[in-house]
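These notes concern the structure reproduced below.
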Amino acid sequence: MHFDKILEKITSGKKALALLIDPDKHSTETLIHLVNIANTTPQPDVILVGGSIVFNGIEETIATLKEHTSIPIFIFPGNAFQVAKNADGILLLSLISGRNPEFLIGNHVLSAPLIKKHKLEIIPTGYMLINSGTDTSVLYMSNTSPIPYRKNDIAIATALAGEQLGLKMIYLEAGSGAEKPVSNEMISAVKENLKIPIIVGGGIKTKSQLEQVLNAGADIVVIGTAAENTPEIIREFSQTVAEF
Ligand code: 1GP
């Protein structure tokens, strides 16, 4: 199983990189260009595909990616429509920072039969939106309030609840294109209190931000917008994570 490999890596003290691809941000040409860069060693550990709202087909994007890479591809679903049979797995996100039942259980009920049918590898993930000072798509689309930027105690308690419910990973999300990433203090505070891995994304644009997030305790870091704008940054980020 792909996630077991990543877990093994994390347990041995290493870090992992996830490359997020929004199907709407690419033509076939730019997608192939991006994935060819990702293919150079060291590679990102996983490619995530999805978005808050998606016009282009997830399945078509995954098919193009699969033709050009052997990096595992997991769905990062914005809603129940984003289930694709050609993915390797799915981050089954439960939006535990919010109180919208549709994103806590509703979409899961709708997508459960297809996820079972396609035999997707499932990583039950507690998804926590952190206010980063920007209006991100996920905030609007999820109709939830994010955890305030400096409220580490709320973040710790929410992440702990996710762990106690049996979720396998906690995702601290500042939102795609966020002005700034989740604070180092919040990442450290959550990390110190959890046994399960934490994945951190949103607003990580520079090597220095990446290093700060890794130093703070992120096990997996997600890069999306920065790679869309400057695909070559994937090489720098992969190298930094591999050498950390
Ligand atoms: C968004 O955490 C991801 O869901 C990645 O964010 O696009 O800002 O890198 P960026």
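All ligand and atom numbering here is 1-based and tracks the order in the structure.
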Rounding to 0.5 Å, atoms CG (Asn184) and CD (Glu211) come to a distance of 11.5 Å

Thinking salt bridges, do Lys66 and Asp88 make one under a 4.0 Å N-O criterion?
yes

The closest protein heavy-atom partner of atom 3 (C) of ligand 1 is Tyr171 OH, 3.5 Å

Ligand 1 to Gly203, heavy atom cutoff 4.0 Å, flagged ligand atoms 8 (O), 10 (P)

Numbered in order shown, the ligand 1 atoms found under 4.0 Å of a heavy atom of Phe76 are 4 (O)

Atom 9 (O) of ligand 1 sits nearest the protein heavy atom Gly224 N, 2.8 Å

Rounding to 0.5 Å, atoms CZ (Phe76) and CD1 (Ile21) come to a distance of 13.0 Å

At under 4.0 Å between heavy atoms, what of Glu228 touches ligand 1? The answer is neither

Are Val200 and Leu160 connected into the same hydrophobic cluster when the rule is that any two of I, L, V, M, F, W, Y join if their side-chain heavy atoms are below 4.5 Å apart? yes

Honestly, for Thr225 the part within reach of ligand 1 (heavy atoms, under 4.0 Å) is both

Here the atoms of ligand 1 under 4.0 Å from any heavy atom belonging to Gly177 are 7 (O), 8 (O), 10 (P)

When rounded to the nearest 0.5 Å, the distance separating OH of Tyr149 from NZ of Lys180 is 4.5 Å

Heavy-atom count around Asp135 CG within 6.0 Å, excluding the residue itself: above 12?
-> no

Is it true that, when you exclude Phe81 itself, more than 12 heavy atoms of the residues, nucleotides or ligands shown sit nearer than 6.0 Å to its CZ? no

Atom 5 (C) of ligand 1 has as its nearest protein heavy atom Gly202 N, 3.6 Å

- prompt: Do other residues, nucleotides or ligands put more than 12 heavy atoms under 6.0 Å from the NZ atom of Lys151?
  reply: no

A student checking ligand 1 against Gly201 at a 4.0 Å heavy-atom cut-off should list atoms 2 (O)

In ligand 1, the atoms that come under 4.0 Å of a heavy atom of Leu20 are 1 (C), 3 (C), 4 (O), 5 (C)

Restricting to heavy atoms, the pick from Glu179, Glu173, Lys25 nearest atom 4 (O) of ligand 1 would be Glu173

